[in-house]
*Asks:* 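So that we are looking at the same thing, I have put the structure below in structure tokens.
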Amino acid sequence: MGSECGPGGSQSRAVWCAHVEGWTTLHTNCLQSTRPANQQSCFRVCDWHKDLYDWRLGVWNQCVPISLRTGRTGVCLQGEEGIQTREVNCVLKADGSAADDAICEYFEPKPRQEQACLIPCPQDCVVTEFTPWTTCSKTCGLGLQNRVRSVVAPPLFGGLPCPNLTEFQTCAPRACEGRETVFSLKVGGWSDCKLPSLPPPPTSSAAPSRTARQARRRKGKERKGNRDPEMRELIKSKRNRNRLNRLEDDLWNIEIGYQSRQVVCVHRNGSTVPLSQCPHWGLPETYQSCLIAKDCVVSEWSTWGSCSKTCSDPSVPQGTRSRSRQLMRLPTGGGSECPQLEESQACEPEGDGVPPCAIYAWRTTEWSECRVDALLSQQDRRRGNQTGLCGGGVQSREVYCVQVNAELLSYINNNKDKQEGQSPNSQMPSVPPLLSISYEISASQPVDIRLCKGTTPSTTQLCHIPCPLECEVSPWGAWGPCTFENCDERVVKKGFKFRRRTITNYPTGGEGNCPHLVEAIPCDDPSCFSWQLVKLEECIPDEEMDCGEGTQAPQVRCVNSEGTEVEKEMCVDEVYPSSVPCVVPCPKDCALSLWTEWSSCSQTCSSKTAEGKQMRTRAVLAYNAGEGGSSCPNTSALQEVRNCNEHPCIVYHWQTGPWGQCVEDTTTSTLNTSSSADKSTCTMGVQTRKVMCVKVNVGQVPPKKCPEAPRPESVRPCLLPCKRDCIVTPFSEWTECPTSCEAGANGQKNKQFHYRVIIQMPANGGQECPDVLYEEKDCATPSVCPGYRWKTHKWRKCQLVPWSIRRESKGAQENCGAGVQTRAISCRQLDGTVADVVQCLKFASSMPVMSQPCQLPCRDDCQLTNWSKFSPCTSDCVGVRTRRRALVGKSKKKDKCKNSQMYPLSETQYCPCDKYNAQPVGNWSDCILPEGRVENAMGMKVQGDVKECGQGYRYQAMVCYDQDNRLVETLRCNSHGYIEEACIVPCPSDCKLSEWSNWSRCSKSCGSGVKVRSKWLREKPYNGGRPCPKLDHLNQVYEVVPCVSDCSQYIWVAEPWSVWKVSNVDLKENCGEGVQTRRVRCMLNTVDGPTDAVEDYLCDPEEMPQGTRESRLPCPEDCVLSDWSSWTSCDLPCSGRGDRERTAFALRLPKDGEDCPVSMQTEPCLLNRNCFHYSYNITDWSTCQLSANAVCGIGLKTRMLDCVRSDGKSVDLKYCEELRLEKKWQMNASCTVECPVNCQLSDWSAWSECSQTCGLDGKMWRRRTVVQASQGDGRPCPSQMEQWKPCPVRPCYRWQYGPWSECRVEVIFRS
């Protein structure tokens, strides 16, 4: 089975036939056509589907009583239980399409689809009794009359609705006589408002002006005696109040006039008849008071003000300038409204000497140190040891805004001030020193970041810390000969044997981080040159004999202490090797093989308990004849043992400590003194380290014990690091204090602050940074916000149309009727002081009305007292309260005034109820974490950081209902509009894997193979944690790299052949067919020769020597040949035409008359049998390998060279190297592992305005954006990029209006 995910799977189930009582029966008993399927296709769910599918929750439906489901009904006492349902579906997040519920149920259970609810008991509508019927609408003919009733309590929770509140019926007081259908009344339109004609003004002696009268009255009062100051102040304020009430200002200038209209009685034939013919109508008014229409008057425009833009730069938006005009008179009586009092237009500054505009640009600090720990996963952070991290990392910097030409503008302003103080004939200053300015701007003052436009520079970036390379050394070489420490100066007769190793991988920081490379052993009789035996010549018998004892001449060369061949004259002082005695066996003698090579020394040095030994052996090839021949030696004589590595186990070497810090060299300090003030100049210093002589397995010994020549240096020159001082910007300007009208004026003091930014950190003993980078102080105590309001004064006396004008009107009375009254309006500040009316027109609400219609009651009108206060209530929400009024004077006796429908004398209403009920409404909001910006150590907000998860609160809106179940303000329920509940935003958990296993052994013991290591899954990621790398079906991840095994690291080692076992033994001659055996082992090959035996499969089976051989043991006087030599090499290329050969030579000649057998064998060179072609094979690249302390970044990928034979077998590289084949491949290459950068988010925005100004469904939103998307296996960005919470519930209000009245046509008569 594979691990594929998604559709295409299948699932099965068992299907059987069962009796209705439950027991199983035969399939044939069930109807086959209705047999259910036992297999179906399905959707295979995997963990990563969690990001694709989710439950979609519908809204809860209306609460349905349980009685409707069960059929049970009963009397409702406290409420009825109900059930409400909703739809819950599994959907694909991308497009909302439906999916199988099983997919979502794989990750979390299906949310509930039903919940209990409570339905309050229904309350039926309650109404009052009907009022009496009204009078008939007509005095004759058919009319209408009605009666009404009002609602005491509206229906609630499904109670019975209210019945009809109004009833109509027809009425017919009497039959009409027909006159009403003959005549009709027509009313004309009102004329324009005009002032009545005034009588001639009185003379000054007869009627003094108001001002004169007031002055005379004031003077008389003052003569009566001086009043106390309090009285005078009281009188003064009363005069001001009276003056304001009169509105005698030119700004208002309200005048009351009158307007008239014609009323005529018209016959149905169109002729006009006297009004007396239409007595059945109450005649309408023909005169009414009105306000004289006056238009708004304003002054001329003022001159244009200065331009808001004071600098020259086409790229900067234009400025504005404005002008205004004064309000001379407000409109009254429907006069034309005031025009705009202010206007503005775009502008550019004019004139010479306009300075350039300020230019703002982004500036950044230095990048912080590269940090790898910011990229670690949760699992890596918990390991604790984070020292020595390297590879890919993250670094940050601050971004701030500066004014780049601040110095230039300051220079221009200074020159301008100087120029204004000089005479006009003085010359202009020189050109500004721009070059000097560029140096001074190195640390500009930060300004408000809103002044800088364009893309903000990035605040984070990936970086790389080079990983230190570890020192790698080769194995130790063999011990060299005893030699002088210095062959050029042979003063001391002291010698050393040396062995060396080399650096195969140079470390970071130089050779000082490597172990010692030379070891020495003291020895006696040193020499710088010696004879080296190359081989022994053929054994030559003495005295020109054919056989018998003889000698072998040595073949030698002269070598130095390092093993390099030199001129033979250098070895003249050394003892030349002597000839070696040997034996050429005669035909009847015992024949022995040649000595084998000396074995490797058993010890690297000699001590009292262990001495180095070497051994060599030889074997009996043929036995001697019974008479006359030399006999074979005994078994012990067939091997030789000699001492080796006889030097004692006393090994010395130089050991070095780490290099110290670079310090000033006091011996050359005068040379480093610089006369210039340039602080960037760095001087040379010195570094020292400890060098000591160490005896292996003992410890430190005096230095004279070690050879002086390889002694490492203890002092070296170095470059002193430059001092770097801290550089900070100047403090920014203090932020502005908020105005008193903004938040903070309610007793809580606001703060203002300024800050500076570190743009270069100190280093190497430079000046430290200041401690204070941020300062704040309290703003001044805010004063009262300047605000404006309208103040209305008392209504003045009701003014009627002058009696002289309306006295001819039918039914008019002199001192009663309809009129107009006015009142004064003034503009006040919030503290009550008088302000200009223009300020209220700008900032206050709409201006109150200054006039209203009024009525002076006539003698025949019904006159009533004012309403009394309402009677007290015994308790809230219980009983009624009433207020009363009474008829006054003659109205008590008039029948029309006694009509309680027209003139009710009492009014009753229910006592006010202050019982309110609060209850939650709507869904819970998102889980919202406490406010506050929290940054991590890098200054970056990263998905999953502290305060991005944890405990928060979610909110649900509260509504407040009054006793009539009407929505009211939440303050009445003593609620701030929400209920809150603690909630948890789950913190992300990263994928957790095990540690890497150890590398496996290379898959091949010779040539190229692979080695593997693995990790396995310990914990899956959840809640948006870092994802896992791609895992196999066993939840493991592998790393495979190529490897090449040295084909000579394991070799076959054969012991000497055993003694011949002759099958057909001739007791006299001990010869014939026989068998020899030997032990063959696979052994680890080292520089000192084979050491430990290993498993046989590690050695090449094709190269395994024979462990048994059958041959004929030569009889006495037979020819004895040596072992066969190796086959000669075939000529390349292998064409099948060449041959190869091997040879043997006679160790014992046969008796006279007999010959030796053939001593040379040949065979044809056949391809892939004994002749091979060789070629290099390059392996695939390994995966990108990082340092053990790196998470990501730059690594190294490698590949291996393999020598491959033409039959496909991997062989030792020496076969290809001997052919000098071309190596054209690059074996190492740089590579990059993508860094796991977590998603970085912006701060949450401020909460938006409410989506609705009133009602239950308002929501507020806030959003955040992705600053840095995740990279590699970094923590992904969360899906929730916006949050909502409910708005406080506010009742909605709206205008309501009644039905239109009956349409009437008025004919306007013009005189």
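Predicted, not measured: the structure shown is a model, and the values here were computed from it.
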*Asks:* Is it the case that Arg806 places NZ or CZ above or below the six-membered ring of Tyr287, under 6.0 angstrom from the centre and within 45 degrees of the axis?
*Replies:* no

*Asks:* Compare every heavy atom of Pro196 with every heavy atom of Ile805, then report the nearest pair and how far apart it is.
*Replies:* CD1-CB, 3.6 Å

*Asks:* Apply side chain to side chain contact (heavy atoms under 4.5 Å, CB included) to the pair Met847 and Trp790, showing each step before the final yes or no.
*Replies:* CA-CA 7 Å; Met847 187 170 65; Trp790 293 107; 3.7 Å; yes

*Asks:* Could you report the tightest heavy-atom contact between Leu800 and Ser289, atom names first, then the distance?
*Replies:* C-OG, 3.3 Å

*Asks:* Is the closest side-chain donor-acceptor distance between Gln852 and Gln821 under 3.5 Å?
*Replies:* yes

*Asks:* Just by modelled atom types, is the Cys827 backbone N or O under 3.5 Å from a matching donor or acceptor in the Arg789 side chain?
*Replies:* no

*Asks:* Apply side chain to side chain contact (heavy atoms under 4.5 Å, CB included) to the pair His754 and Thr735, showing each step before the final yes or no.
*Replies:* CA-CA 6 Å; His754 68 172; Thr735 56; over 6 Å; no

*Asks:* So does Pro1286 get a backbone contact from the side chain of Tyr978, meaning a donor-acceptor N/O pair under 3.5 Å?
*Replies:* yes

*Asks:* Determine whether more than 12 heavy atoms belonging to other residues, nucleotides or ligands lie under 6.0 Å from atom CD of Gln326.
*Replies:* no

*Asks:* Should the pair Glu342-Arg323 be classified as a salt bridge under the 4.0 Å nitrogen-to-oxygen rule?
*Replies:* no

*Asks:* Does a donor on one side chain and an acceptor on the other come within less than 3.5 Å for Gln288 and Gln259?
*Replies:* yes

*Asks:* For residues Asp1257 and Ser1251, report the shortest heavy-atom separation together with the two atoms involved.
*Replies:* O-OG, 4.0 Å

*Asks:* Using atom types as modelled and distance alone, determine if a side-chain donor or acceptor of Ser1248 lies under 3.5 Å from a backbone N or O of Trp1261.
*Replies:* yes

*Asks:* Output all residues satisfying side-chain contact (heavy atoms from CB on, under 4.5 Å) with Ser1245, sequence neighbours left out; order by chain, then residue number.
*Replies:* Arg1262, Arg1263

*Asks:* Residues two or more places apart in sequence or in another chain: which of them pass ring pair (Phe, Tyr, Trp, His ring centres under 6.0 Å) with Tyr961?
*Replies:* none

*Asks:* Of all the heavy-atom pairs spanning Trp190 and Thr286, show the shortest one and how long it is.
*Replies:* CZ3-O, 3.5 Å

*Asks:* Go through Glu300 and Arg325 one step at a time and tell me if the salt bridge (Lys or Arg N to Asp or Glu O under 4.0 Å) criterion holds.
*Replies:* CA-CA 6 Å; Glu300 296 294 326; Arg325 47 188 173 187; over 6 Å; no

*Asks:* Any salt bridge linking Glu255 with Lys294? Criterion: basic side-chain nitrogen under 4.0 Å from a carboxylate oxygen.
*Replies:* yes

*Asks:* So, His793 versus Ser826: side-chain donor-acceptor pair below 3.5 Å or not?
*Replies:* yes

*Asks:* So Phe731 and Gln445, side chain to side chain contact (heavy atoms under 4.5 Å, CB included) or not? Walk me through it.
*Replies:* CA-CA 6 Å; Phe731 272 108; Gln445 182 186 40; 5.6 Å; no

*Asks:* Partners of Arg884 by salt bridge (Lys or Arg N to Asp or Glu O under 4.0 Å), sequence neighbours excluded?
*Replies:* none

*Asks:* Which heavy atom of Met1260 sits nearest a heavy atom of Cys1250, and at what distance?
*Replies:* CG-CA, 4.1 Å

